[in-house]
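Chain letters run A, B, ... following the sequence lines, proteins first and then strands; every chain starts at 1.
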Number of protein chains: 2
Amino acid sequence: MMVSSLRDVAALAGVSAMTVSNVINDRATVAPRTRAKVERALAELNYRPNLSARNLAGGRSGVIALGVPEIAIPYFAEIASMVIEEAERRGWTLLIEQTDSRPERESEVLNGIRPRLVDGLILYPSVLSPAEIAERADATPLVLFGGPAADKSTDHVVIDNLAAGRTATEHLISLGRTRIAVIGPLTEPRVDAESPRLGGYRQAITAAGLDWRDELIAHAPAYHRRDGAEAMRRLLTGPELPDAVFCFSDLLAAGAMHAALSSGVRIPEDLAIVGFDDIEEASFLTPTLTSIRPNKRRIAELTVRRLALSIEHGETHKPQLVVADHTLIRRQSTIGQG
Amino acid sequence: MMVSSLRDVAALAGVSAMTVSNVINDRATVAPRTRAKVERALAELNYRPNLSARNLAGGRSGVIALGVPEIAIPYFAEIASMVIEEAERRGWTLLIEQTDSRPERESEVLNGIRPRLVDGLILYPSVLSPAEIAERADATPLVLFGGPAADKSTDHVVIDNLAAGRTATEHLISLGRTRIAVIGPLTEPRVDAESPRLGGYRQAITAAGLDWRDELIAHAPAYHRRDGAEAMRRLLTGPELPDAVFCFSDLLAAGAMHAALSSGVRIPEDLAIVGFDDIEEASFLTPTLTSIRPNKRRIAELTVRRLALSIEHGETHKPQLVVADHTLIRRQSTIGQG
DNA sequence: TTCCTTCATTTTAGCGTTAAAAATCGGCGC
DNA sequence: GCGCCGATTTTTAACGCTAAAATGAAGGAA
C-alpha cells in the first residue's frame, strides 16, 4: 500500500491541501459537504499524517519522553506502562530514555537528546539537584515525578514520603515490634539531605518512645534486590538482631526477605518486613509482602495531565507540586496468615 | 539558551548551510580547515540537529520502536532495557508501544501508528499470524523476536524453544522425578500449533520411557504469576500429584511456587520447579529458581543488528531467521542447597 | 596556453505540513 | 446593479534539513 500525503487526498477530493488539513485538525469552518468529500478521500487512501512534517511546520510531534533510571526495575516498568496508557489516551506515543542514575545521562535527557522531536518530557530525577534541573538549556515542557520536591519552577508529582515512612514504621510498632531496622538509601543526594522515608521512621520511633539504635540503620547504595540482601546479612550478623525491618523499596525487601529466609529466620514470627512501592511481585512472595502502595495510576495520570497543560499553555503555565496518595497494604510478612 | 539552526552555524562559520551539514554527517570531502571552522561554530552555538527536519528531508529520524505485549512483564522490561542500550550504541532512541496482546493493537503497531516517524520496528508478535504480518501495509523495516518462526519474508530472532523444553524436562528426569507436570500456554495461537516448549517436554518424556499423563498438563491462558498460581492449585487438587513441574515462564513459576509453598508443599523435596526466562527475580525467590536462560543480551544485540542492516540496505536486505543460544541455570528449586 | 580532471563548496529544490494572508463566492441592503 | 460582508477555500511562505546538480578553483596533460 502506498503512503499518501495531504496532496494526494486533496487531489482525490478535488480540494486544496489546506482544506484537507483543516478537516483533519478540525479547524476553521469547513462546509459540511466539503468535509464529507474530504473524509471519504481520507478513508479511501488510508491517510496517515507525517509527524515529522507536522512537527517541523510548528505543530506537535505527538511524542513525549519518559526518563527513568532503569526500565527493568519493576516500579519504573509499572509506571511506564501506565504512562503509556495515559499518553495513548491523548494520542501521544512514549519514548523511553534510561539514565542509569548517571548525572551526565540525566542531564542529556533533560537537555533534549532528541531536540525538537518530543513535545514534552517526564523525568524521574535521581541524581541531579533541583538547581541543576532549573538551569537546563532546553525549553521542552517538563514534569518530574518522585524524589523530594524540587523548587517551585518545575511541575512535580510526588507522594508524601515522610508520612509513608511514618505509617510503615507505626504499623510495625503496632505489632509490638521494638527493634525495628531500616534498609535503604539513607540520604537524598539530590538535595543533600536525609531521606524523607528515614525521617518518617525517626518520627514514628520517637513518638512511640522507642530507642534510636544506629546498629539497626542499614544503608543500601541503591534500591536493588542485592542491596537488600547484603544489608540484611549485615543486620543478621550485627550486634543487635532486629525483630522488624522497613525497606525503602519492594526490591530491597525481596532481597532482604531472601537473605533472612535463607538464614532460617522466620517471617513474620522472628522478623516482620514492610516494603515500599507495592510492585506486583509483592503479592507473590512467600510470605506475601506488606508494602506502602503509592497510587501509581494516579501518579501516571497526574504526570501526564500536568505535562498536557504545560504543552498547551506554554508560557502562561504555572508549575505546581502535586501530591498523590498512598496506602499501607497489610500482608503476611507482617501480620502472618491472619 | 537559543536553539540554533544549520543556518546560524553556517553564518557564524562563514560557509554555506550545506557545508555544515556535510561536516555533521561526515560526508563528502570537507577541507580540514573548513571542518575546523565549522566545528568551532558548532560547539559555540551548541548546535543540535532538528530530527523532524532531518527525517522529513529524507534522512532518518534516529528513532526505532519496540512493540511488546506489556512493558511491566519483567522479561520484556529486561529485553527493552538491553535494546535501549544497543540502540543507544548506534545513536538511536527507542520508542515503546504496548500491544496488550490484542490483535488490533498489534496490527496498529505493525502498520505504523507513528507513520514515517520511526526508522524501524522491533516487534514481539504475540497474536498475529505470520500471514497477517507478511501482508502489512507499512514498509518500515521490521524485525521480530520471540515466538515461533514466521515465514521467510521477515527477519526473526528466536531461541530454540523445542530444545529448551527438552533440556528443562531432561533436567527434572535426571533428578529422578517421574510425575512431571507442565504449566503454560499449550498452544501457539499465532501458528495454530502445539507450543514448542510442550513439544520439547513431550520428546524428553517419551525418550525417557515415562508415561504421558494428561492430568499433569496444566494449561495457563497467559504467562502471568496469577496464571501459574491457579494452574498449580489445580494440579495440587488433581488426581495425580506431580513431583516436578516445568513452567513456561519464570512468572508462571513464581506464581506456582507461591501456591505450592502456601499449601505446605516443600520445594524441591516434594516438588521440583523449573522456570523459563531467568529474570532477575528468579535468583531471589526462596528457594532460588532453576530456569532456562535465553541469552537476552544476544537477542537484543542481534535484533538491533538485523534492524540496522535492514534500514541501511533497504531493498537488497535479505530477511533471516537467527537463533540465539540458551542455557539451563540450576538453582535450589530443583537441586536444593547443593 | 588550453582543456580536462578532481576536489571543495554552493545553489537549487523539495520533503509534508501548517500559519497567515489573500482570494473567491454568495447573498443582502440600499 | 453596486458594494460590502461573512463564510469558505486557496495561495504563499515557511519550518530545518538533505540529495542532487551546479559552480568554482587548482592542478596536470597535451
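- Interface residues of residues 31-42 of chain B facing DNA chain D, ordered by number: none; criterion, heavy-atom separation under 4.0 Å.
- Side chains of B:Ile24 and B:Arg54 form a contact here, defined as non-hydrogen atoms less than 4.5 Å apart.
- Taking every side-chain heavy atom of B:Thr29 into account, C:dA8 is the closest of C:dT18, D:dT10, C:dA8.
- At whole-Å resolution of the value, CG in A:Leu45 and C1' in C:dG16 are 15 Å apart.
- Residue B:Ser21 places none of its side-chain N or O atoms closer than 4.0 Å to OP1 or OP2 of D:dC17.
- Comparing C:dG16, D:dT18, C:dT10 against the side chain of B:Leu6 picks out D:dT18 as the nearest.
- In this structure, A:Arg7 atom CZ and C:dC15 atom P are separated by 6 Å, rounded to whole Å.
- B:Asn50 has its CG atom 6 Å from the C1' atom of D:dG16, to the nearest Å.
- At least one side-chain nitrogen or oxygen of A:Asn25 sits closer than 4.0 Å to the OP1 or OP2 atom of C:dT18.
- B:Asp155 has its side chain within reach of B:His317: a pair of non-hydrogen atoms, C-beta onward, lies under 4.5 Å apart.
- For A:Asn22, counting side-chain heavy atoms from C-beta on, the closest listed nucleotide (D:dT10, D:dC17, C:dG16) is D:dT10.
- Between B:Leu121 and B:Leu110 the shortest side-chain heavy-atom distance falls below 4.5 Å.
- The pair A:Arg297-A:Glu85 meets the salt-bridge criterion, with a side-chain N (NZ, NE, NH1 or NH2) lying under 4.0 Å from an Asp/Glu carboxylate O.
- Set against D:dT18, C:dA20, C:dT17, the side chain of A:Tyr47 has C:dT17 as its closest nucleotide.
- Side-chain polar atoms of B:Ser52 and A:Ser52 form no donor-acceptor pair below 3.5 angstrom.
- At C:dT10, one or more side-chain N or O atoms of B:Thr19 fall inside 4.0 Å of OP1 or OP2 (strictly under the cut-off).
- Between A:Arg54 and C:dG16, a side-chain N or O to OP1/OP2 separation shorter than 4.0 Å is absent.
- Using a 4.0 Å heavy-atom cutoff across all strands shown, A:Arg27 reaches sugar-phosphate atoms only and no base atom.
- What separates CD1 of B:Ile24 from C1' of D:dT18 is a distance of 11 Å, to the nearest Å.
- Looking at the side chain of B:Ser5, the nearest of the listed nucleotides D:dG16, C:dT9, D:dT10 is D:dG16.
- A close approach under 4.0 Å does not occur between any side-chain nitrogen or oxygen of A:Asn55 and OP1 or OP2 of D:dC15.
- Counting heavy atoms from C-beta outward, B:Ile279 and B:Phe76 have side chains that stay 4.5 Å or more apart.
- Distances were taken from every side-chain heavy atom of A:Met18 (C-beta onward) to each of D:dT18, C:dC15, C:dA19; the shortest belongs to C:dA19.
- Look at B:Arg35 and B:Asp26 and you find a salt bridge, because one of the NZ, NE, NH1 or NH2 atoms lies within 4.0 Å of a carboxylate O, short of that distance.
- A donor atom on one side chain and an acceptor atom on the other are not found under 3.5 Å apart for B:Ser81 and B:Glu78.
- Residues B:Val30 and B:Leu56 both approach DNA chain C. Their nearest nucleotides, taken by heavy-atom distance, put B:Val30 toward the 5′ side.
- If you find the closest nucleotide of DNA chain C to B:Gly14 and to B:Ala57, the one lying nearer the 5' end belongs to B:Gly14.
- Distances were taken from every side-chain heavy atom of A:Ser16 (C-beta onward) to each of D:dT11, C:dG16, C:dT11; the shortest belongs to D:dT11.
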